[in-house]
Structures are given as structure tokens and as C-alpha cells.
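First the proteins, then the strands, lettered A, B, ... as listed; each starts at 1. In this text, all values refer to a predicted model and were calculated from it rather than measured experimentally. Values below: every heavy atom of this structure, side chains too, minus hydrogens, waters and symmetry copies.
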Protein chains: 2
Amino acid sequence: MFSKACEYGIKASIFIAINSAEGKRVSPKAIAKEIASPEAFTAKILQALVKNGVINSVKGAHGGFEINKNEIATVKLSQIVNAIDGDKIYSNCGLGLHTCDEIHPCPVHHKFKIVKDELRDMLENTTLEELAQNIKSGASFLKM
Amino acid sequence: MFSKACEYGIKASIFIAINSAEGKRVSPKAIAKEIASPEAFTAKILQALVKNGVINSVKGAHGGFEINKNEIATVKLSQIVNAIDGDKIYSNCGLGLHTCDEIHPCPVHHKFKIVKDELRDMLENTTLEELAQNIKSGASFLKM
DNA sequence: TTTATTTCGGATAAATTTATCCTATATATA
DNA sequence: TATATATAGGATAAATTTATCCGAAATAAA
Ligand code: FES
Ligand code: FES
């Protein structure tokens with residue numbers, strides 16, 4: 001469904017959100033350990049998230065990755081996915097036609113639309129805060 | 001969402017269904033032309049579909065690929081997807097955890113479940129006959 | 001039985017995604 | 001300013017997916 005890069009990006013963002021809420025910055029090393037991902041690859045993904053304004057980075061001693069405390073509640077899953085995989089997951093044709101639209105639909109277009117809309121809604125209506133809260137409460141997990 | 005192999009497999013199956021309804025067998029060459037896919041790669045996917053019993057093949061002169069006329073209405077999209085990509089699309093964890101279940105869920109598990117169930121329902125309730133009909137009537141297209 | 005036809009299947013190759021490594025660049029602090 | 005610390009980013013490598021090629025095996029028809 002999502003690329004590995006995107007999976008890591010989402011999990012990393014959640015972990016950063018949890019720490020930023022406590023005023024702590026985190027390193028790629030700490031992130032990779034927490035989400036069980038390859039460190040260097042994760043670092044690359046973090047760069048993409050920084051470039052897209054989803055998270056902030058601070059270089060140098062006592063640096064690390066963080067998210068503005070007051071943005072944790074506003075960052076949506078869709079922003080993370082978009083920063084890494086783009087919007088192809090809900091804009092591309094499910095059967096690979098060059099364009100996906102009503103005037104030249106593939107055989108599954110209308111049925112797929114329902115699934116894609118459901119997915120888009122879900123991604124656009126889920127915030128980092130919500131996901132971070134689930135981890136904090138022990139209701140969900142970032143690895144294994 | 002789906003692999004290229006799966007996209008080709010679905011489109012190929014629809015084209016075969018259309019022709020089988022008229023008692024005609026089709027070659028990988030004709031299929032690849034109709035669905036705008038690489039011929040040799042498409043042939044490999046057809047082999048997988050044959051192995052999984054989704055379509056039949058007949059070797060030799062006047063051979064080709066076909067689907068039993070009375071099976072066209074019973075073959076579901078889910079069978080094609082399963083034959084090629086397996087069931088990972090709705091059984092794997094959306095964030096890549098080793099297992100996806102209620103007792104050790106990832107942060108998006110419950111929200112993802114809705115999307116995955118919607119997708120599964122769609123694939124399990126869509127038959128080749130229905131998709132072939134849409135192509136025949138000109139309501140949908142297999143390429144471009 | 002011979003020939004033409006057509007799928008099967010193994011071996012490769014190309015492209016993309018995933019992953020690693022190393023150096024440059026920036027920053028806090030002593 | 002010097003030093004230690006940390007992210008940025010380029011160059012590569014490994015793994016997976018996508019794609020190609022070609023000979024083997026099967027089959028229909030002459
Ligand atoms: S045209 Fe295929 S999903 Fe819209
Ligand atoms: S555990 Fe992640 S989707 Fe179920």
C-alpha cells in the first residue's frame with residue numbers, strides 16, 4: 001500500500017511528535033531504534049520531511065528533529081504521505097492508465113473511487129497528535 | 001496500490017473474458033497490444049494465472065488463453081489479485097509491522113482496517129463478467 | 001510423421017526501491 | 001576560536017520489481 005519510505009516516515013513522525021510534546025529533540029539513531037528501521041535510510045526520509053515542512057531539524061550539538069508543539073495537532077497523515085510518496089496513491093489510476101478521470105475510466109474506476117476516497121479521507125482526517133496519543137497510552141505500537 | 005504485474009493481470013483477464021464469451025482464444029501478443037503492456041512480461045503473468053486456475057491455456061496451433069464461458073460470471077477480482085500479489089494488500093500491516101492484529105496494533109490499524117475492508121469487499125464482489133460488460137458497452141477502457 | 005504454431009520456463013537484463021557509507025556543513029559550548 | 005556534536009547530501013551498493021530473450025515442450029493440421 002505505502003512504500004517502505006512512507007511507512008518509516010509516518011512512524012518516525014509519530015515518535016518525533018511524542019518527544020516534541022515533551023520538548024525533546026531526537027536523532028535519526030534514536031528514531032531508527034524506536035521504529036526498527038535502517039538508520040541511514042530513515043535519515044534520508046527525515047530530510048524529505050524537513051524539506052516539505054512537516055518536521056524541523058536543528059543541526060549541531062543538542063540538535064535533532066522536532067515538530068513545533070502547536071503544530072502536532074494540525075499535521076495530518078496526508079501531509080506525510082504526500083511529502084514522501086506524493087499523491088499518486090489516490091490520484092493514479094488503479095489499473096495504471098495514464099490518467100484517471102470520469103471521461104476515460106478504466107474498468108474499476110468507479111469501484112476504486114470509493115476505496116481511494118475512503119483512504120484520502122482517512123489520511124486527511126488523522127493528525128499526528130491523535131496517533132501519538134495512542135502510542136503514549138499503550139493502545140498501539142511502533143514496532144514488531 | 002497494486003503491482004504492475006497485478007494491473008496487467010486484471011486487464012488481461014478482462015480481455016480474455018470478452019473474447020472467451022465469443023468463443024475466441026487470445027495470444028499474449030494480442031493481449032499485450034490490447035492492454036498496452038510489455039508482451040513477454042504479460043506472458044509470465046498469464047502463466048501465474050493459469051497455475052492458479054483463473055484462466056486456461058491451450059498450447060499449439062489455434063491455442064491461446066481462455067476462460068470457461070460459465071466461469072466468467074464467477075471469477076472475482078480478488079482471485080486475480082491473490083494469484084499475482086497474494087493477499088498482502090489487505091492482510092499486511094499498513095505501517096509494516098510484522099503482524100497485523102488487534103492485540104498489537106500499529107497506530108493506524110483501526111483506521112486502516114476500514115479502508116482495507118472496503119477494498120477487500122470491492123475485490124470480492126466484483127466479477128470479470130461485470131468488468132467485461134463495461135468494456136463491451138464502451139463505458140470503460142483498457143488502455144491510454 | 002512432419003511442419004507450423006503456440007504456451008512454458010529458465011536465464012538475463014534493466015529499472016526502481018531500499019539501504020549503506022562517507023564527507024561536508026552547521027551549531028552549541030567551552 | 002577550537003572542538004565536539006549533529007544534520008545534509010552525494011556516491012554506491014543491495015534487493016526487488018519489471019522487462020526481455022530464447023530454446024523446450026505440446027498440439028493441431030497437412
Ligand atoms: S481510470 Fe482507473 S481508477 Fe480511475
Ligand atoms: S497492525 Fe498496522 S494495520 Fe494492523
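B:F65 and B:V58 sit in two unconnected hydrophobic clusters of ILVMFWY residues. Membership requires side-chain heavy atoms under 4.5 Å apart, directly or through other members.
When distances run from any side-chain atom of A:A40 to the nucleotides C:dT7, C:dT20, C:dT18, the shortest one goes to C:dT20. Side-chain proximity of A:K4 to the nucleotides D:dT20, D:dT18, C:dT18 is greatest for C:dT18. Of the candidate nucleotides D:dG9, D:dA8, C:dT7, C:dT7 has the atom lying nearest to any side-chain atom of B:S27. Comparing D:dT7, C:dA28, D:dT17 against the side chain of A:A61 picks out C:dA28 as the nearest. Side-chain atoms of A:S3 lie closest to C:dT18 of the nucleotides D:dT20, D:dA8, C:dT18. Considering only the side chain of B:P28, C:dT7 comes nearest among D:dT7, C:dT18, C:dT7.
A donor-acceptor pair under 3.5 Å links the side-chain atoms of A:D101 to the main chain of A:H104, judged by distance alone.
The pair A:K136-A:E22 does not count as a salt bridge, with every side-chain nitrogen at least 4.0 angstrom from each carboxylate oxygen.
Nearest heavy atoms, A:C100 versus A:S91: CB-O, 3.6 Å.
Note on B:S57: every side-chain N or O is 4.0 Å or more away from OP1 and OP2 of C:dT6. Residue A:Y8 places none of its side-chain N or O atoms closer than 4.0 Å to OP1 or OP2 of C:dT18.
No hydrogens or angles were tested; on distance alone, a donor-acceptor pair under 3.5 Å links the side chain of B:K44 to the base of C:dG10.
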